[in-house]
Amino acid sequence: MIVAGKHYRTVWMEGSTVRMVNQPLIPYRFEVIDLPIHRHTAEAITTMVVRGAGAIGAAAGYGMAQVALEAPDGREFMAYITEGAERLRHTRPTAHDLFYAIERVLRAIEGATSVAAARRAAVEEAERLADENAAAGKAIGEHGAPLIPDGARILTHCNAGWLAFVDWGSALAPIYMAHRQGKRVFVYVDETRPRGQGARLTAWELEGEGVPYAVIADNAAGYLMRRGEIDLVIVGADRVAANGDIANKIGTYEKAACALLNGVPFYVAFPSSTFDPKCPSGEAIPIEERSADEVHYVIGQDEEGALRRVRITPLGAQARNPAFDVTPADYIKTFITERGLCAPKEVSRFLA
Ligand code: MRU
């Protein structure tokens, strides 16, 4: 993705330092943060400095490479690797890409015949994962663009753009591709409370790409669908179960139910690293519950440009903050993957 004339990936590695776009500062400022050791990378995943399934997968892969570079020589090497992998596994629970990346780098380390070779293999595998992630986004764009007719009004939820991956994104990739092909598209962006990934991140990405859009309150999509003002919905996914159920940002299920009721096609875009063949159905997907403070407080910029955090609930109010929900396979028209399109219930066969 191009920012101020320069191509950026969302997360990358230079030497032993992981570098990533500092996402909580967007859309107010664009900054890159440096994370010299794997504990910092793990912390950045937990605190959502980096977020989005594909981006946290890439960050976890690089975090594993850092673990290998930091690990002491000799007999303690593998113990340090095991502990680092465990730390990274506990950063966030829902997105399958995170676990996929950790296991891939772990296997590369285990397959090496010396400590020096294991370090090299870890860095190479982390780079391979990031490259695959970027290539998958582009391929998702190519497979998904034909589903978007000229003049389409598209709803998306949360941010499944390049910030949620290494580049391109999942749900936004077909939109970017269709736009570049010269199709006229208009995107309705759910604000995506409580953290506002739609209002802050998706809107910022679309602005940069020159794609026309409007941010809508989370509650507005049903109204627009009923009035025939939305032609299709595309969202991303954080984990896809073997039966085709998907977990995505909280609120996705409501949009899918509304789309079904109103005859609006509902598409889910994701790379194969998001598919969890060991997870039988949506019931088994671990759903993250985050701090209630994300509901109590909002952060924004005041007229002087200062970032402020303000409370919007009464002192003493209780809040719940489930971060994801499950949409059953039956609600979804088609999956868009880097290998092509497939019916949700066929996913296990398609991605085998
Ligand atoms: O909590 P986040 O911001 O890490 O949530 C993940 C997401 O961005 C969405 O659920 C997205 O639609 C799928 S991730 C490509």
Side-chain angles (χ1 to χ4, degrees), residues 1 10-11 20-24 26 44-60 91-101 133-134 136-137 140-141 144 154-176 187 189-205 218 221 233-240 245-256 266-276 282 285-291 294-295 321-327 332 335-338:
M1 178 58 95
T10 304
V11 52
M20 56 178 64
V21 176
N22 192 342
Q23 299 201 32
I26 292 178
I45 298 171
T46 303
T47 57
M48 294 177 68
V49 168
V50 61
R51 39 62 51 201
I56 66 175
T91 49
R92 293 192 71 192
T94 303
H96 183 253
D97 297 67
L98 180 108
F99 302 94
Y100 173 83
N133 180 309
I140 287 169
I154 306 160
L155 176 76
T156 192
H157 190 72
C158 195
N159 171 263
W162 69 274
L163 287 166
F165 281 83
V166 171
D167 207 349
W168 279 94
S170 54
L172 295 190
I175 298 173
Y176 291 146
V187 185
V189 179
D190 287 336
E191 59 177 345
T192 321
R193 279 279 293 147
R195 291 185 67 99
Q197 288 96 328
R200 296 167 198 270
L201 308 179
T202 299
W204 181 81
E205 280 194 33
D218 284 326
V233 184
I234 313 183
V235 299
D238 292 272
R239 194 181 294 231
V240 177
D245 293 349
I246 66 127
N248 193 51
K249 182 53 57 192
I250 192 76
T252 301
Y253 166 64
E254 282 177 16
K255 307 305 170 222
F266 189 91
Y267 299 107
V268 181
F270 60 90
S272 44
S273 49
T274 305
F275 174 56
D276 181 1
I285 299 177
I287 299 293
E288 177 179 20
E289 183 117 9
R290 293 185 62 85
S291 163
E294 293 183 352
V295 176
N321 188 15
F324 300 94
D325 59 24
V326 171
T327 299
I332 302 162
F335 283 160
I336 310 167
T337 79
E338 81 276 26

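It should be emphasised that the depicted structure is a prediction, and the values quoted were computed from it without experimental measurement. Atoms within a ligand are numbered from 1 in the order they appear, just like the ligands themselves.
- Counting only heavy atoms from C-beta outward, the side chains of Glu338 and Ser273 never approach each other to under 4.5 Å.
- Judged purely by atom type and a 3.5 angstrom limit, Asp97 has no side-chain atom pairing as donor or acceptor with the backbone of Gly57.
- Heavy-atom distances between Arg195 and ligand 1 stay at or above 4.0 Å for every pair.
- Of all atoms in ligand 1, numbered sequentially from 1 with element shown, those under 4.0 Å from a heavy atom of Phe324 are 1 (O), 5 (O), 6 (C), 10 (O).
- Ranking protein heavy atoms by distance to atom 15 (C) of ligand 1, first place goes to Phe165 CE1, 3.3 Å.
- Remark: the backbone N or O of Phe165 is paired with a side-chain donor or acceptor of Thr10 at under 3.5 angstrom.
- Contacts with ligand 1 closer than 4.0 Å are made by no heavy atom of Phe270, backbone or side chain.
- Remark: side-chain polar atoms of Arg239 are paired, donor with acceptor, to backbone N or O of Thr94 under 3.5 angstrom.
- Counting heavy atoms closer than 4.0 Å to ligand 1, residue Ala237 contributes backbone atoms (N, CA, C, O) but none from C-beta onward.
- Every heavy atom of Gly54 sits 4.0 Å or more from the atoms of ligand 1.
- At least one heavy atom of Gly52 sits under 4.0 Å from some atom of ligand 1.
- Applying the 4.0 Å criterion to heavy atoms of Lys249 picks out, from ligand 1, the atoms 1 (O), 2 (P), 5 (O), 9 (C), 10 (O).
- Under the 4.5 Å side-chain criterion, counting only non-hydrogen atoms from C-beta, Val235 is not in contact with Lys255.
- Among Gln23, Gln197, Arg92, the residue whose heavy atom lies nearest to atom 3 (O) of ligand 1 is Gln197.
- Relative ring orientation between Trp162 and Trp204 is described as tilted, the plane-to-plane angle lying within the 30° to 60° band.
- Of the polar atoms of Ala53, none of the N or O atoms is found under 3.5 Å from an N or O of ligand 1, judged by distance alone.
- Shortest contact from atom 8 (O) of ligand 1 to any protein heavy atom: Arg51 NH2, 2.5 Å.
- Using a 4.5 Å heavy-atom threshold, the side chains of Ile285 and Asp238 count as separate.
- The closest side-chain heavy-atom distance from Tyr176 to Met1 is below 4.5 Å.
- The protein atom (non-hydrogen) at minimum distance from atom 13 (C) of ligand 1 is Asn248 OD1, 3.1 Å.
- With respect to atom 10 (O) of ligand 1, the closest heavy atom belonging to the protein is Asp238 OD2, 2.5 Å.
- Thr192 contributes no side-chain N or O that, together with a main-chain N or O of Gln197, makes up a donor-acceptor pair within less than 3.5 Å.
- Neither the backbone nor the side chain of Val235 comes within 4.0 Å of ligand 1, counting heavy atoms alone.
- Listed by atom number, the atoms of ligand 1 under 4.0 Å from Met48 heavy atoms are 1 (O), 2 (P), 3 (O).
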Open item on the list: I'd like to know whether Glu288 forms a salt bridge (Lys or Arg N to Asp or Glu O under 4.0 Å) with Arg290, so could you lay out the CA-CA distance, the side-chain angles of the two residues, the decisive distance to 0.1 Å, and finally the verdict.
Closed with: CA-CA 6 Å; Glu288 177 179 20; Arg290 293 185 62 85; 2.8 Å; yes

